[in-house]
Amino acid sequence: MTATVSGPLVGQGFDRLDGRAKVTGAAHYTAEIPLPGVAHAVIVGARIGSGAVRSIDTRRAMAAGAVAVFTHENLPRVAAVPPVFPSGFGGPAPGQTFFPMQDTAIHYFGQPIAVVVADTFEAAQQAAELVDAHYDERPALVRLDDGRDRQYQPDTVFCGLVPAVQSRGDVAAAAAGAAHTVDATYHFAANHHNPIECSATAAVWDGDTVTVYDATQGVSATQATIAAYLGISPSNVRVIAHYVGGGFGAKAMMWPHVTLAPMIARELGRPVKLVLTREQMFYGTGLREEQEQRITLVCDNEGMFTGLRHHKLSVTSPFDEWAELSLGVAGQAYGIPNWEGRYRLVRGNTMTPTFMRGPGETSGMVAMECAIDELADAIEIDPVELRLRNHAALDPESGHPWSSDGYAECLHLAAERFGWSASDRRARMRRDGDWLIGWGVATAGYPVFLPGQPQRAHARLLADGSLIVQAGTQDFGTGVATTMAQVAGDALGVPWARVRVDIGDTDYPNIAAAVGSMGAGMISAAVHTACIELLAQLIALAVADAESVLHGLPAHAIEGGGGMLRLKSDPSVAEAYSDLLSRNHLTDVETIGTWHPPAQDLPYGRMSFGAQFAEVAVDADLGLVRVRRMVGAFAPGRVLNAKLARSQVLGGMNWGLSQALMEASLPDTRDGRWANSSLLEYLLPVNADAPEVDISFVEVADPVVNPLGVKGLGELGMVGAAAAIVNAVRHATGRTIREIPLRIEHLLTEPMTP
Ligand code: MOS
């Protein structure tokens with residue numbers, strides 16, 4: 001949709017500005033950027049999961065044509081390990097505090113032990129095969145079960161940002177007085193990110209300044225991270241990311257390869273490009289950790305939840321205490337007065353886990369939403385009704401009202417579009433030939449995070465009436481550049497076709513890393529602020545200009561629209577921006593707008609809500625599960641672009657299907673490797689697995705979170721999707737399976753045909 005445009009741009013379903021470049025191959029991703037004289041670096045990963053390098057012989061690699069081989073013996077030491085997000089979600093973001101190749105220690109399989117550099121990628125790959133490493137090996141711990149007896153209680157998780165134990169009310173008293181109790185433990189396999197574009201970094205030095213091309217979700221976070229590791233000023237690091245082929249959290253943090261490329265380029269005095277292979281993505285960019293969650297949910301005779309104990313046990317790395325935040329939405333979406341959340345950890349030989357879409361909530365809401373259905377069956381209340389009854393009218397954590405809600409509207413709308421009826425919740429009642437049919441529902445929710453720092457954007461109106469908007473953010477597939485043009489066009493009254501957006505470069509005003517669904521909210525706020533300020537400048541210019549038709553009029557009586565300034569009460573009193581600038585001999589008018597996010601402790605609960613429904617068919621003899629259709633309704637505040645929003649949610653819901661039925665990274669306990677580290681063996685849904693998906697939005701006004709009321713959407717579409725499917729399988733089969741992914745083998749352990 002680009003041909004004819006009328007009305008506000010925000011909300012319309014514009015095609016991606018970069019869509020044509022992407023589908024025609026004109027878009028250059030990091031690995032494809034031509035760099036004269038570039039050398040190709042390939043990482044050699046450890047073949048053990050724990051221990052130390054005893055010796056590395058690089059002679060065969062050098063003889064095969066390597067230009068250089070770096071190991072712990074000759075790689076420079078990092079200057080410092082930067083803290084993670086020292087200012088809220090701003091600043092550097094090292095994925096883990098351990099940086100490899102600084103000594104002989106091996107903490108996880110695939111950990112870089114050498115980097116081989118050659119003139120071509122192929123030569124580097126071949127030489128990398130010829131690096132001879134010998135190890136002192138210790139047993140690697142990679143399974144939760146194997147470390148259960150070594151679990152411990154950390155003080156904090158998630159970069160030290162979240163206390164590991166939290167509570168409100170008195171859960172023990174609530175449990176003692178409960179009419180009904182569900183006590184269930186859900187197990188989740190580890191998962192790895194698989195964006196289409198594997199991570200890649202290229203670096204070119206010019207004197208003491210380096211330009212880094214990186215597949216990143218945060219150009220300025222990459223800049224700050226590299227600068228800290230190399231011990232140089234961030235001013236001497238420029239980061240460029242014109243196109244990024246998906247992130248989903250894998251590119252939210254800056255993993256070792258991001259620093260290795262500029263470090264090695266500096267050593268060699270030549271540009272260096274470092275691309276991870278698909279297999280190396282399983283050892284290079286974090287993961288969603290293996291975990292189990294125990295839910296104790298209690299209610300009174302009316303089905304009102306009176307208490308929730310939510311305990312999580314998960315695998316973290318040897319050096320960091322990371323657990324994805326699984327307890328937040330589950331403990332906040334319902335008005336539960338008594339709550340206790342607890343994270344416990346097992347140190348395993350893996351990378352530090354990291355953000356992965358719906359980081360934490362996608363697993364936490366499987367446990368919670370499946371437990372709710374178990375309770376609904378026990379007390380014979382319709383699962384939709386039970387959820388509605390228990391929805392939190394106020395944020396139960398703070399007691400404050402929600403900045404905006406929309407949950408009930410989403411649940412009603414999605415239930416209607418799905419055709420949900422409360423008539424029969426007994427299992428195994430519906431059949432279609434050999435297939436047992438089941439229906440499931442779940443709540444979606446995701447917190448509205450706010451950046452800890454001001455966010456800035458540059459707006460520049462040229463004398464020809466065209467507008468350029470620039471920000472140091474990046475588009476990793478969300479379509480944020482397109483929404484920036486929509487927001488800017490509306491704020492300044494410039495037509496769609498006259499707006500240009502430049503992003504993906506730290507030379508533009510910095511924006512925090514796009515994590516936790518903050519991107520659309522903070523970027524639209526910065527762009528909106530800049531364009532509103534620019535409009536004020538233009539109005540002041542016209543009012544002061546004796547030759548303007550708007551001369552001497554009060555500023556508040558004037559608005560921007562259609563590329564003009566005009567009188568609100570009489571739009572025929574107008575003058576084009578281009579005329580105003582030309583007459584004043586100005587080539588442009590520009591400003592950098594700064595959006596100051598609201599305080600973190602503002603008196604509102606902040607959550608985006610939604611509702612998910614799924615219909616599954618389960619082969620009664622073979623245990624095969626097919627998702628036939630999914631219906632979702634979501635309330636993300638303002639929808640900036642209807643097409644892109646749908647696209648985000650479509651991906652999220654399908655990923656929920658993948659989470660529920662397919663994705664599992666399987667550790668090999670002999671050496672700590674991931675046994676299925678390829679797209680052949682790491683199961684993902686293909687088109688034949690993807691069901692019909694019906695998506696609606698309930699737009700709720702939110703005057704609190706940012707100027708346009710954008711609450712964020714990236715994560716929300718995935719949360720609850722898997723739970724709806726697992727609940728549907730339970731409805732179809734009568735089998736309560738608490739293993740994620742839920743696979744054929746779990747259904748076949750006992751015959752399903754009575
Ligand atoms: Mo999002 S998982 O924080 O990229």
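One-based numbering, in listed order, for ligands and for the atoms of each. Please read these numbers as outputs of a predicted model, since none were measured by experiment.
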Tabulate distances under 3.5 Å between N/O atoms of ligand 1 and N/O atoms of the protein, writing both atom names on each line.
{"residue": "ligand 1", "atom": "3 (O)", "partner": "G516", "partner atom": "N", "Å": "2.7"}
{"residue": "ligand 1", "atom": "3 (O)", "partner": "E715", "partner atom": "OE2", "Å": "3.3"}
{"residue": "ligand 1", "atom": "4 (O)", "partner": "Q217", "partner atom": "NE2", "Å": "2.9"}
{"residue": "ligand 1", "atom": "4 (O)", "partner": "G249", "partner atom": "N", "Å": "3.0"}

- Query: Which residues satisfy the side-chain contact (heavy atoms from CB on, under 4.5 Å) test with A241, sequence neighbours excluded?
  - Reply: T216, V219, V244, Q474
- Message: Tell me if the centroids of the rings in F98 and H107 come within less than 6.0 Å of each other.
- Response: yes
- Query: Partners of V275 by side-chain contact (heavy atoms from CB on, under 4.5 Å), sequence neighbours excluded?
  - Reply: A31, A200, K273
- Do the two ring centres, one from F282 and one from H192, sit under 6.0 Å apart? yes
- Ring centres under 6.0 angstrom apart (W402, F609): yes
- Task: List for me each residue that meets side-chain contact (heavy atoms from CB on, under 4.5 Å) alongside T482, sequence neighbours excluded, and say none if there are none.
- Result: F14, R16, L17, Q486, W496, N641, L644
